[in-house]
Number of protein chains: 2
Amino acid sequence: MRILPTIEDIAEALHLSKATVSRALRDHPDVSPETKRAVVALAKKLNYEPNRLAQSLRSHKTNTIGVVVPEIAMHFFSSTLSGMQEYALRHDYIIMVCQSMESYQHEKISVHKLASNRVDGLLISLSSETRKVDHLRQLIEKKIPVVLFDRVCDDLDVSKVTVNDYEAAFKAVEYLVKTGCKRVAYVGGPRDLYINAQREQGYLDALRRSNIAPSEDWIIHCKDLHTEPLTATRQLLDLPHTPDAIFCMNDPIAILVMQVLKEQCVRIPDDISVIGFTNEPVSNFIEPSLTTVSQPSYEMGKTAAQLIIEQLERTASFTPVTRELSTELIIRNSTRKLYRKVLET
Amino acid sequence: MRILPTIEDIAEALHLSKATVSRALRDHPDVSPETKRAVVALAKKLNYEPNRLAQSLRSHKTNTIGVVVPEIAMHFFSSTLSGMQEYALRHDYIIMVCQSMESYQHEKISVHKLASNRVDGLLISLSSETRKVDHLRQLIEKKIPVVLFDRVCDDLDVSKVTVNDYEAAFKAVEYLVKTGCKRVAYVGGPRDLYINAQREQGYLDALRRSNIAPSEDWIIHCKDLHTEPLTATRQLLDLPHTPDAIFCMNDPIAILVMQVLKEQCVRIPDDISVIGFTNEPVSNFIEPSLTTVSQPSYEMGKTAAQLIIEQLERTASFTPVTRELSTELIIRNSTRKLYRKVLET
DNA sequence: TTGAAAGCGCTACCAC
DNA sequence: GTGGTAGCGCTTTCAA
């Protein structure tokens, strides 16, 4: 016998046909109870497991979901992966994971690889380099549904899971102003990434709402987020009117910014407040602890998985939905306290 | 026509047989150059992609590797996943990821799920609850190779990727002693997990080598690693002779320990040195920065992927190997400086 | 209630 | 060089 028993093995042993065994195993109504019992018993005894490949080949369904994230090892994304995996497994799906390493080329390759592995659907958060999404359109043409999460884009008519980056940024900057900051700088990535633009716009509008005209000097776009925030910060400190707060597009940037401030003996938050975005675990442990915007990463992953599975199992026609999850401003010690403003006035 | 073209579509269009088309696509030597060209051209035009399910069903090979980690969102593990994914993709494999959530039950379910999805091989780091590994033996019986990484166990004759936990712990404690610490406590998890035992043994032997008899009071085993280290630390502080150093089994424990020490106004490292294990990103940012043992997580993942792929593609018989990667003691500010000892003597 | 047979898409054997 | 065919393991008509 083969290493793994097949339906045929059971059929022969029980002098039945493959068809009957198949039906018995799937609990089909018109198999007699005795036959059913016999089949199930033998299947159990032989440790029979249906061959998913054969099932998939027939059914054109693999119960597999492809996931592409920019970087598996970034906490935000591993946390979304965790949520996806959890939800998927509970619904009898399994996830295949790839990373783009923030490269458009890698992203295309990953998407293609997952498609050729016949995933039923794809969850993706775009790389920072990605400007065109034809590779995703191709999938959709092949009837492989796509759901975008976090790093979404505007020109693709699919379901999306996001947070309101605009609003969260607005509130963060508004908070800075409320604590008395008047010259709020921005350090972020390029505007072509949708969520970057959203955060920056939130920043701009919050200032304008407070009748502060954002100066061009205050706004710095970094291409390389690992090193440029360092020089950006020095640049800000060299300004004739140094800022009294820096809104950072994410926590890693904020950490670099704080590093320079500390080196230059700038007191945080007394001289300059710093605020981040994402609420990475480290932001709670850095000194001073970082005020930041928390994003429900696990929840985002779970929701993305839910949306795609619902879409996969829906028989009727389907309209894309956008699920916007809520963020929270986590106030820690890198920003001035609110009451100071009150005392000052 | 179907949504996706098949070999048959190409065959019909070109008035060839499926067999010839198949051969042409796989660049079989005895297909005439013209036929080959024609087939390849049409395949390209139609955007033809072989159906992996069909291929797999025939070849009994899915080019898929299952991975089970305790928690995807733990940095150490997401970093290993990253290494695996990278290596796997480059070698035309894709990874299917599950997490055990440190639960033996979850682990069994995950392993089973991956097996029923016909992964070619399995990479696994055991959950902290796992004592028996029959679920893995079953895989091996089904000819699905298994490779253990990091959280390995002794009684399974498979390839393994580890660090020398014993030696790394030994060196860490030795360092503490060299900096003048004489009463070194240990806060860790249960001994039944192999790597925990290794680390603890390294601790014990390092002390003995320095002619320090480890006191029972100094050694605390926590079941719940999220809360018990807090009480454990208080317990240590209540000792008649409080320790002058605490060796923690991993960084998260060290962070909790430091939290209590700070609350109790114990100076780190002046009163008590603290040392961790794993070199999580946060350990660099906490105040004071944490001395710890760095583990090459990305490298471990990559190596694990490499071992399993080599095993899968080896035709000859195979003997398990153990790859032990090297660690490094990262000296930061949570331990006394070495020169103090020199000055004191 | 059960069985025979076709077919999912591919590859490999054997024949020509 | 090329084609016919069987078969990977399963499900699902259709017929009995």
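Only a predicted model underlies this, so the values are computations on that prediction, with no experimental measurement involved. Just so it is clear: chains get the letters A, B, ... in the order the sequence lines come, proteins before strands, and each one is counted from 1.
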Which comes earlier along DNA chain D counting from the 5' end, the contact point of P29(B) or that of H60(B), where each point is its nearest nucleotide?
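It is P29(B) whose nearest nucleotide is closer to the 5' end.
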
5' precedence on DNA chain D between A54(A) and H28(B) (nearest-nucleotide basis):
H28(B)

Please report, rounded to the nearest Å, how far the [atom2] atom of [N] is from the [atom1] atom of [X].
X: E49(A); N: dG9(D); atom1: CD; atom2: C1'; result: 14 Å
X: K61(A); N: dT12(D); atom1: NZ; atom2: P; result: 14 Å
X: E8(B); N: dC10(C); atom1: CD; atom2: P; result: 9 Å
X: D9(A); N: dC8(D); atom1: CG; atom2: C1'; result: 13 Å
X: I7(B); N: dT5(D); atom1: CD1; atom2: P; result: 18 Å
X: K18(B); N: dT11(C); atom1: NZ; atom2: P; result: 10 Å
X: L53(A); N: dG9(C); atom1: CG; atom2: C1'; result: 13 Å
X: L25(A); N: dC10(D); atom1: CG; atom2: C1'; result: 11 Å

Side-chain N or O of [X] less than 4.0 angstrom from OP1 or OP2 on [N]?
X: Y48(A); N: dG9(D); value: no
X: Q55(A); N: dG9(D); value: no
X: T6(B); N: dC8(C); value: no
X: S22(A); N: dT11(D); value: yes
X: T35(A); N: dT2(C); value: yes
X: T20(A); N: dT2(C); value: no

Hey, mind stepping through E129(B) and K108(B) against salt bridge (charged side-chain N to carboxylate O under 4.0 Å, His left out) and telling me if it holds?
CA-CA 11 Å; E129(B) 269 182 29; K108(B) 281 205 293 191; over 6 Å; no

Hey, mind stepping through V21(B) and L14(B) against side chain to side chain contact (heavy atoms under 4.5 Å, CB included) and telling me if it holds?
CA-CA 9 Å; V21(B) 174; L14(B) 261 36; 5.7 Å; no

E299(A) and R323(A) ion-paired at < 4.0 Å
no

Return the nearest nucleotide to the side chain of R58(A); candidates are dG9(C), dT2(C), dT11(D).
dT11(D)

Any idea which of dT1(C), dC10(D), dG9(C) is nearest the D30(A) side chain?
dT1(C)

Assess whether side-chain hydrogen bond (donor to acceptor under 3.5 Å, both in side chains) is satisfied between T62(B) and D120(B), documenting all intermediate values.
CA-CA 6 Å; T62(B) 56; D120(B) 288 338; 3.2 Å; yes

Run through D150(B), T303(B), T322(B) and flag the one making a side-chain contact (heavy atoms from CB on, under 4.5 Å) with V161(B).
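Among D150(B), T303(B), T322(B), the one that satisfies the side-chain contact (heavy atoms from CB on, under 4.5 Å) with V161(B) is T303(B).
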
Any donor-acceptor pair under 3.5 Å joining the side chain of R23(B) to the base of dG3(D)?
yes

